[in-house]
Amino acid sequence: MTIDPAKRLADALGLQALGDEPVDVSLPGGGTLAALMLDQKGAWDRLVERHAPTAEIRDKILRNRFYQHLSQSFAGSQEYMAIEQLRALHESGRYDLIVVDTPPTRHALDFLEAPQRLADFLDRSIIRWFVKPYFSASWTTLRLFNRTVGFLFRRLEEATGVSALAEVSEFFTAMAGLFENFEPRVRQVYELLRAPQTGFLLVVSPEEQVLQEAEFFLTQIERLRVNLRAVVVNRMHREVLVRGRAPQRRTLAAIFRKLGVGPDLVEALVSNFEDYQALGRGDLLRVEAFQRQVPSSTLLLTVPNLASDVHNLAGLEAFHRHLFAEAAA
Amino acid sequence: MPVLSEPASLLQRRLWVVVGKGGVGKTTVSVLFGLWAAQLGKRVLVAEVDGAGRAAWLLGAEPAPLGMARAVRPNLSVMSVEGSAALAEYLRLILPVRRVLDVVFSSRIYQYFVAAAPGLKELMTVGKIWYEAERVDAETGHRMWDLVIMDAPATGHSLQYLGMPKAAHEVFQTGLVGRESQRLIELLSDPVRTAVHIVTTAEEMPVNETIEMYHRLCSDLQLPFGFLVVNRLHNRRFEADKLLRLRDRLAHLPQSERAIAEAVLDRALEEEGWSAIHAQYLHRLSEQVPLPRIELPFLFAEEFSSQHLGELVAVLAQQIAGLERASRPHGFRSARDS
């Protein structure tokens, strides 16, 4: 399942459109493969439909303007819903393995922290302030007698307009019934993400900027208490050495002249080779420095830069051979 | 309908938004734009959103604290922008009472609200960019920056950022948030002040995303376009057939030479492979994304350094000049001439 808002997985699997329901991908061999992409709006609606205590409350939520924007356009709600879907898939018991493709590092951290933030957001003591209808007596009392709250709400009213605030309040009131079951569900996912049978894979390329972000992720692993099983370094260039040394330019040129290759092509071949050798040296230096930051219990795999773009099943198969040949060795 | 732009008029705008899929080099391109515009005498700010301070790092400087500008070259400053820091800064501007602010910032409800309120961080980020683009230097009475370059997060997320003011405006039509988001929408969609540049590499997935993004920017968001920047292009061509025939003849070589000669041919085939792929996707882009295009070469460097930035700025300058010549008669006036 991919929670990345960009439609990459569909591209990679050669599927026209991925939906919220798992789609089977035809594969040779014994196992089965299904793919799905989170449909944010649909996921929220289904959640409301599944858990709303009455049809009246369900309709009230679905019609609420604040809800409509929350479910459609607000960044961050995607992570909340991904968690919900992951939990449902896990509980269905339909799969031996669930692979979750998260957005790039910073937002992948969002994904890991989403359950906790959701729990905070739904914290009873906070929600209590919102779940009363905005014009009710308890809000008025709260505003009069609690200075901080009174201050905050006067500012909020100025900032948002009273009608919008009333709408937000109505949203929380209607959602209150749904929240009853939220906290245990969020806790379940929190535990699932940290369970011994759950592993994290960090995929990087040997570029400086990518490795810097990855190092940041490594520093967060302990705090997040996740189990990092492996790091995959993709698109790695390799320097070719002969008896531990880089071959000399004139040696190379002489070999190709001997084969009767014209001077222009010899020059082009040798220059191109030396450029790729430089990439190989740089990649190796950066990856070695990076490897020192990776815990020794974590597997580090490298995949060479393939001479083609990987975006279909055939490309994925070639990639797969590199990845698992190394893992098996 | 797409809001297409004349390259010459692009250079007069005050806000450039740089978007694209993750990993295609948005920050590098933002920095290149910044260096180029600064060389023309414009006072430029590169604002990196939700980044790791990479813009500063590329220019050999330590990143400044969030929301603070750091001068890194003559006429060029960089800044890291992040939503909750921007919100705190904004509240300081509209609520000048220090003691009250301390109470607000330390209250639990505020912390939760900021962390969890969907969309708030995105809205505040765009608000901070707007503030910098409109900011006036109190001492001189002039605008602080001639050009603000926003280095947006990866595609899916950057569209969410750019769509936030509209969403917020629809929910909060009255009140301060309604008014502020209206101002953000006006700036973002104004073809006199703003241009959105798309950065991509010429590969299947980034190109698909670029096409999708182009259409969404045309239809939902209706923002004014700038350049399409195609980054890291391989463009050395070898005749693959010839290389393969040559490889068959390596059998005649002594063992010691054969392996290394094979490696040389493999690298040439690799380069030809990428160059062919890139040519194919450039063609697809020219059919589907009709924006003035800048092509930046892949650099074969052991380590990317400021020398390489200089090389790329020279390429950029040359290509913008070419596009600009092609789009006369408007002509380009630099900040110095105006």
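A note on names: the letters A, B, ... follow the listed sequences, proteins ahead of strands, and every chain is numbered from 1. On a predicted model such as this, the values are computed, not experimentally measured, just so you know.
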Checking side-chain contact (heavy atoms from CB on, under 4.5 Å) for the pair A:Glu208/B:Phe304: CA distance, chi angles, key distance, verdict? CA-CA 8 Å; A:Glu208 182 63 39; B:Phe304 195 80; over 6 Å; no
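No part of A:Val210 comes within reach of chain B, as not one of its non-hydrogen atoms sits under 4.5 angstrom from that chain. Neither the backbone nor the side chain of A:Leu241 comes within less than 4.5 Å of any heavy atom in chain B. Of the atoms belonging to A:Glu274, not a single heavy atom falls under 4.5 Å from chain B. Of the atoms belonging to B:Ala301, it is backbone heavy atoms, and not side-chain ones, that fall under 4.5 Å from chain A. B:Leu243 touches chain A through its side chain: at least one heavy atom from C-beta onward sits under 4.5 Å away, while N, CA, C and O do not. Only the side chain of A:Arg286 comes within contact range of chain B, with heavy atoms under 4.5 Å apart. Contact of B:Arg54 with chain A is made through the side chain alone, with heavy-atom distances under 4.5 Å. For B:His234, the part sitting under 4.5 Å from any heavy atom of chain A is the side chain, from C-beta outward, and nothing else.
In this structure, A:Gly260 and B:Arg249 approach most closely via the heavy-atom pair N-NH2, 4.4 Å.
Looking only at side-chain heavy atoms (C-beta outward), A:Val240 and B:Val264 stay at 4.5 Å or farther from each other.
The residue among A:Val270, A:Asp283, A:Leu269 with the most heavy atom pairs within less than 4.5 Å of chain B is A:Leu269. When each of B:Lys242, B:Glu303, B:Glu271 is checked for heavy-atom pairs under 4.5 Å with chain A, B:Glu271 comes out on top. Counting heavy-atom pairs closer than 4.5 Å to chain B, the top-ranked of the candidates A:Leu279, A:Leu285, A:Leu284, A:Thr251 is A:Leu279.
Atoms CG and CZ, on B:Leu265 and A:Phe256 in that order, are 4.0 Å from each other to the nearest 0.5 Å. The distance from the CZ atom of B:Arg267 to the CZ atom of A:Arg238 is 9.5 Å, given to the nearest 0.5 Å. We find the CG-CD distance between A:Asp275 and B:Glu302 to be 11.5 Å, quoted to the nearest 0.5 Å.
Residues passing the side chain to side chain contact (heavy atoms under 4.5 Å, CB included) test with A:Arg257 are A:Ala253, A:Ala254, A:Val266, sequence neighbours excluded.
Checked for salt-bridge contact, A:Arg235 and B:Glu203 meet the test: a charged N lies under 4.0 Å from a carboxylate O.
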